[in-house]
Amino acid sequence: MPYVIPDVVDVKQRKTDIGPPHYKNFLPPVIQKNYGDWKTHEILTPGLMVHIANSGDKIWTVRVASPRLLSTDTLREIADIADKYCDGYFRFTTRNNLEFLVSDESKVNPLIEELKAKKYMIGGIGPRVSNVVHTQGWIHCHSAAVDASALVKCLLDDLADYFTTKETPNKVRLAVACCTNMCGAVHCSDIAIVGIHTKIPRIEHERFKDLCELPTTMAACPTAAIIPDPAKKSIKLKEEKCMYCGNCFSVCPALPIKDAENDGVAIVVGGKVGNLRTPPKFSKLAVPYLPNNPPRWPEVTKAVRKIFDAYVAGAKKHERVGEWIDRIGWEKFFDVTGIPFTWQHIDDWTYTFETLRTTAQIKWVKK
Ligand code: SF4
Ligand code: SF4
């Protein structure tokens, strides 16, 4: 029988490929007028900055934290606040903070007062902690090894002072990804958390033949641990080759890998995307495994805090976490953070040679 489009969809009336609304229709008039013609900007407080145009015009930005997942009620409240103080203009930053854009200086302080009264967290500008780039976690994704929103709440509860007031040597970018797909910024952040599995996938042979494609499933495995099992019209695993990435489950639902007891997180450090002073860097493994312990993940928040405090105490002004580690060396990093160095830290992947120490230069660390 041919596929029939139900009557409720009027295909001829449907508008497609229209793209997003043009951003220029949503700019505050001061920004429209001075577009591309700015002289400077100044950070006035941890959550307030002013941009000054060559014409002398100014626009003030008040930044507040957002949990990223927002209800429509909250969005309506934000829109009401923007109507009251910002002629209706606000924006979201690339780290999902919220920025109110104020053209009238006399409205800046009343806006801040109302935001404080409504318990919004003001801050995140300059050398400090900003929002945590994160993912779907147990709220919405089928491959998560850890939750995202709850873990981010724990991390920022602990570091809230560094969002609102306290300074760090340079900005500290935090990120959470709930599996090794690493949606977001985990691979290029100062301190980041990634959900990991620690057990091999389970093979549901009966479902495999109905649900999965053999070539795609085999090709999804980075270590070639998957081989055909023609007798069962399924696959076999070379267990010793599996490193639990879960990539096979992404393409084949008959290979579930989630494990409530043994899933957890790894912590990676030292990544950056900017080109300031040093080229961008990938984050590297600091802590190979910590257990999932919801709702407050005490082991994880404690380990992040150890790294964070050691960086704040030891880094020079403007040094990012990766630059600080490059200067002091990894031996010293493990020493000052108290994190044990294990065999799991040693890369055994394709370009392992490049990560091995091919010099006699090492630092002895007193034990
Ligand atoms: S990181 Fe993994 S689990 Fe998290 S949203 Fe992306 S694909 Fe899903
Ligand atoms: S979990 Fe990863 S390494 Fe293990 S079999 Fe699946 S794809 Fe291969």
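Both ligands and their constituent atoms are indexed starting at 1 by order of listing.
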Quick one: sort the Tyr162 and Phe308 rings into parallel, tilted or perpendicular, breaks at 30° and 60°. perpendicular

If the cut-off is 4.0 Å to any non-hydrogen atom of Thr223, which atoms of ligand 2 fall inside it? 3 (S)

Just jot down the ligand 2 atoms closer than 4.0 angstrom to any heavy atom of Cys221, in number order. 3 (S), 5 (S), 7 (S), 8 (Fe)

For atom 4 (Fe) of ligand 2, decide whether Cys248 has an N, O or S atom at a distance under 2.8 Å. no

Look at [X] together with [Y] and state whether they make a salt bridge at an N to O cut-off of under 4.0 Å.
X: Lys258; Y: Asp263; result: no
X: Asp158; Y: Arg305; result: yes
X: Lys363; Y: Asp335; result: no
X: Lys84; Y: Glu114; result: yes
X: Asp157; Y: Arg296; result: yes

Scan Thr278, Thr168, Asp190 and name whichever one has a side chain to side chain donor-acceptor pair (under 3.5 Å) with Arg320. Asp190

One residue to check: Ser143. Relative to ligand 1, which of side chain, backbone, both or neither has a non-hydrogen atom less than 4.0 Å away? both

Under 3.5 Å, is there a donor-acceptor pair between the Asn34 and Ser55 side chains? yes

Among protein heavy atoms, which lies nearest [atom], and at what distance?
atom: atom 6 (Fe) of ligand 1; answer: Cys183 SG, 2.3 Å
atom: atom 5 (S) of ligand 2; answer: Leu237 CD2, 3.5 Å
atom: atom 7 (S) of ligand 1; answer: Asn181 ND2, 3.3 Å
atom: atom 2 (Fe) of ligand 1; answer: Cys179 SG, 2.3 Å
atom: atom 1 (S) of ligand 2; answer: Gly246 N, 3.2 Å
atom: atom 8 (Fe) of ligand 1; answer: Cys141 SG, 2.3 Å

Using a strict cut-off of 4.0 Å, indicate which atoms of ligand 1 neighbour a heavy atom of [X].
X: Gln136; value: 5 (S)
X: Thr135; value: 4 (Fe), 5 (S)
X: Ala144; value: 3 (S)

4.5 Å side-chain heavy-atom contact, Val186 and Thr135: no

Of Cys245, Ala225, Cys242, Ser250, which has the heavy atom at the shortest distance from atom 4 (Fe) of ligand 2? Cys242

Could you work out, for atom 3 (S) of ligand 2, the closest of Met243, Lys238, Lys199 by heavy-atom distance? Met243

Is Cys252 disulfide-linked to Cys212, taking SG-SG under 2.5 Å as the test? yes

